[in-house]
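Each chain gets a letter, A, B and so on, in the order its sequence line appears, and its residues count up from 1. Source: prediction; values computed, not measured.
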There are 2 protein chains.
Amino acid sequence: MHIILFITFSTTMKPKKRTTIYDIAEKLNITASSVSRALNNSSHVNEETKKLVLKTAAELNYKRNILASNLRKGESKTIGIVVPRINQNIFSNVIAGIEETTYSKDYNLIICQSNESHEKEVKSINALINQHVDCIVISVAAEGNDYSHLQNVIDHGIKLIQFDRVADELETLKVLNDNHQASLEGITHMIEQGYKRIALLEGPQNLDIFRQRKQGYLEALKLHNLPVIDELIIENAWTKELGADATRKLLSLAEPPDAIFASTSDFSALGVLEVATSMGIKVPSELGILGYSNEPFTELTSPSITTIDQFSHYMGKTIANLYFQESENKESPVVPRTISVKPKLIIRASTSRRSYQ
Amino acid sequence: MHIILFITFSTTMKPKKRTTIYDIAEKLNITASSVSRALNNSSHVNEETKKLVLKTAAELNYKRNILASNLRKGESKTIGIVVPRINQNIFSNVIAGIEETTYSKDYNLIICQSNESHEKEVKSINALINQHVDCIVISVAAEGNDYSHLQNVIDHGIKLIQFDRVADELETLKVLNDNHQASLEGITHMIEQGYKRIALLEGPQNLDIFRQRKQGYLEALKLHNLPVIDELIIENAWTKELGADATRKLLSLAEPPDAIFASTSDFSALGVLEVATSMGIKVPSELGILGYSNEPFTELTSPSITTIDQFSHYMGKTIANLYFQESENKESPVVPRTISVKPKLIIRASTSRRSYQ
DNA sequence: TTTATAAATGCAATCGATTGCACATAATTT
DNA sequence: AAATTATGTGCAATCGATTGCATTTATAAA
């Protein structure tokens, strides 16, 4: 990789002192109190003074020091978000959804990535507590099962909203997908398409969402009187590579599966597809594939991948609204509640055995 | 979409007052000064006291109030990032790159999306100035050509680093791709593959990067004595839909192109591919396609799309390092300079006419 | 033992904005 | 004209942490 460095030319430092309300006050021969009131549009200032202050503030390029303001007011108008990775479909959409709603209310978002590491998650949470954020929105990392850092958030009087991957034992606001239902519907669809030996790639079972998806899978089999075959259930296959490995293993069984449910993610499903394709196994006729999350790429692969949409953008908006609704009635106690969004099965080519061939 | 609401049970509010250094001081019968010094690991405290303070702080679950600290110290250990969209490959990678480097130094990132809107960009910048961030990293929105808000950043003594899409006239630190060179190489490759009528889908020409890509295209044609054909150059085709529209138009020409360079993005290239496929035109034999950005999906389409990788993760790390390097020597003036990263052509099936068929 | 030096701590001001309380002036009511 | 009520300002404390300067205490040197 080449790096080219152009030195253009130099300019002098500007250690410029920022204008404060005192500067404005001095210039107008009034006190800082009045300036503050004017800037906050208080009714206790003369209209004239208000205009004058606003005008002068603009002239002096005044910018309110939020640090000072927040310190005094004890709030920060900031929401912290901790997610495993910002570039996963569900997370970037949730963030975008939150942002849309909070933006209009002049809230800031501080976004942290845990990279699935528990240690980093804890560090991020602590940083956010230090920052005095008003609310923390989190989807927990796969790693770790000690949630005292989240309890700590509550103990600090900071609102906590969990989504998607939640620590079930904590009594907080939760916004979830109904993973069980989605999984059940997905598998039912596959059975209807004639698949009989459906393998499951499961995610870390310490996370509730993956347990639920497994339950949905098991229930669907049961409902249709299909046996649960242990060798068709593979643990922790939740990246593309692990999905590929699992697939190689499954397809080399004496009795290989005729379908694979990559319950962990579409990335895993992609691994399945790639291995199947490279082995010359036809999808969906010889092997059905079901993913999870409706990543954008699932409609681009050939064949396109059947998956489950989580309405993640909507979830984000729900989270933000929940926060604002909650902060309005400050007196009343927080009622821990769970909002469950029903995901939608997106049927594409990778499971459409009947209609395709 | 179904929403199910479970009311679990209620718990009481905890308006809990947070512990401050004064609480610790009181408990230990010393002053806040000493506590502060202990917590900051100053050499002017007794080792005993230091240990005692640290122990008590832990016991009382003390968390430093960063707002107060920052207010006093006049810094924020926060970097603001403004990008058009966080879920575009280059941006999420740059952010991840910045984060990796800043994380270890206990910096926070505040991430804003402009959604390509100039107004929102200005608002975000103002919010970041208010926040007293130490540095703002920006890739400007397509909309707008007035950059006084960025000048304002500098005037407030905040470091400004531009990347990818920059306002050229501002003398700031810049981290760029050599778009011209990348474009030149890409087109040269296409010419070598035998394409002769290469169309260009260009981006908003108020952005430097798109102008450069066009220049590279023109230069490549010139070098190989190919004519520049006006009707093969389409303006502002930079979403999937616009790319598709442009392609329909191009392919219905009396003399249609035999290749299309979607210089704006891979999304646009995807639109090209979809239209071509639906029209039964074979890629790459009848139509070559070159995209830009190396979005993950480009290797998943069939055929896979030739594109240009921008080393975005590396760019992010470069940006962060640049900032730290710059803040170390506070005395010396900021030298505006440009770091240009050379992108890499990723040759895939969509242009491989020679080797494929 | 006295003096010089170092180490540890306290005091008080500071960062910038906000806000309860007091006060003065103007407007309104009896 | 006197009494009452708005209205607009100022004063000063406050939010929590930091830090220069002063002071005390402990230690080393004379």
Side-chain angles (χ1 to χ4, degrees), chain A residues 15-54 56-57 60-78 106 129-134 156-157, chain B residues 15-54 56-57 60-78 106 129-134 156-157:
Chain A
K16 194 167 288 193
K17 177 96 173 34
R18 298 165 68 129
T19 24
T20 69
I21 50 171
Y22 296 97
D23 300 326
I24 300 178
E26 194 176 18
K27 182 151 185 186
L28 295 179
N29 239 19
I30 54 180
T31 49
S33 323
S34 297
V35 175
S36 172
R37 281 189 266 256
L39 292 171
N40 287 294
N41 204 23
S42 152
S43 56
H44 292 282
V45 227
N46 189 298
E47 275 304 322
E48 290 295 304
T49 343
K50 196 179 286 183
K51 271 182 207 156
L52 217 53
V53 168
L54 259 38
T56 318
L60 298 179
N61 197 11
Y62 169 80
K63 289 269 166 2
R64 169 193 271 117
N65 186 329
I66 299 271
L67 295 178
S69 172
N70 289 343
L71 173 59
R72 176 59 227 252
K73 294 202 286 193
E75 61 163 32
S76 67
K77 280 207 164 198
T78 299
D106 277 321
I129 297 178
N130 284 353
Q131 279 287 331
H132 272 218
V133 296
D134 296 333
H156 275 89
Chain B
K16 193 169 290 190
K17 177 95 172 31
R18 297 166 68 132
T19 20
T20 69
I21 50 170
Y22 296 98
D23 300 326
I24 300 177
E26 194 175 18
K27 183 152 183 185
L28 294 179
N29 239 16
I30 53 178
T31 50
S33 324
S34 297
V35 176
S36 173
R37 282 189 266 256
L39 292 172
N40 287 294
N41 205 22
S42 152
S43 56
H44 293 280
V45 228
N46 189 299
E47 275 304 322
E48 290 294 303
T49 343
K50 196 179 284 182
K51 270 183 206 156
L52 218 51
V53 168
L54 259 38
T56 316
L60 298 179
N61 197 11
Y62 168 80
K63 290 267 163 12
R64 167 194 272 119
N65 186 330
I66 299 271
L67 296 179
S69 172
N70 289 343
L71 174 59
R72 178 58 228 255
K73 294 201 285 192
E75 62 164 31
S76 66
K77 280 205 164 200
T78 300
D106 278 320
I129 297 178
N130 283 352
Q131 280 287 332
H132 271 219
V133 296
D134 296 335
H156 275 90

| message | As a quick check of understanding, evaluate side chain to side chain contact (heavy atoms under 4.5 Å, CB included) for B/Asn65 and A/Leu71, giving each step before the final call. | response | CA-CA 9 Å; B/Asn65 186 330; A/Leu71 173 59; 3.9 Å; yes
How many whole angstroms separate atom [atom1] of [X] from atom [atom2] of [N]?
{"X": "B/Glu48", "N": "D/dT25", "atom1": "CD", "atom2": "C1'", "result": "16 Å"}
{"X": "B/Lys73", "N": "D/dG20", "atom1": "NZ", "atom2": "C1'", "result": "16 Å"}
{"X": "B/His156", "N": "C/dG16", "atom1": "NE2", "atom2": "P", "result": "12 Å"}
{"X": "B/Ile24", "N": "D/dG16", "atom1": "CD1", "atom2": "C1'", "result": "12 Å"}
{"X": "A/Asn40", "N": "C/dG16", "atom1": "CG", "atom2": "P", "result": "17 Å"}
{"X": "B/Gln131", "N": "C/dG16", "atom1": "CD", "atom2": "P", "result": "16 Å"}
{"X": "A/Glu47", "N": "D/dA6", "atom1": "CD", "atom2": "P", "result": "19 Å"}
{"X": "B/Lys77", "N": "D/dA17", "atom1": "NZ", "atom2": "C1'", "result": "15 Å"}

| message | Across nucleotides 9-14 of chain D, 5' to 3', mark each nucleotide with B, S or - according to how protein heavy atoms within less than 4.0 Å reach it. | response | BBBBBB
| Sugar-phosphate only, base, or nothing, as touched by A/Asn70 at under 4.0 Å among non-hydrogen atoms |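 Answer is nothing: A/Asn70 stays at 4.0 Å or more from every strand.
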| query | Heavy atoms under 4.0 Å, any strand shown: does A/Ser42 hit a base, just sugar-phosphate, or nothing? | reply |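 Touches nothing.
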| task | Examine C/dA17: is either OP1 or OP2 under 4.0 Å from a nitrogen or oxygen in the side chain of A/Ser69? Give yes or no. | result |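 Indeed not, no polar side-chain atom of A/Ser69 lies that close.
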| task | Please state whether the phosphate of D/dG16, meaning OP1 or OP2, lies under 4.0 angstrom from any side-chain nitrogen or oxygen of B/Thr20. | result |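 No.
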Looking only at heavy atoms, what is the nearest atom pair of [X] and [Y], with distance?
{"X": "B/Lys77", "Y": "B/Asp134", "result": "N-OD2, 2.7 Å"}
{"X": "B/Arg18", "Y": "B/Asp23", "result": "O-OD2, 3.8 Å"}
{"X": "B/Thr49", "Y": "B/Ile30", "result": "CG2-CD1, 4.1 Å"}

| said: Are the side chains of B/Gln131 and A/Thr78 in contact, using a 4.5 Å heavy-atom criterion? | reply: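 A side-chain contact under 4.5 Å exists here.
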| Looking at residues 60-68 of chain B, who's got a heavy atom less than 4.0 Å off DNA chain D? |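 Heavy-atom cutoff 4.0 Å gives B/Tyr62, B/Arg64, B/Asn65, B/Ala68.
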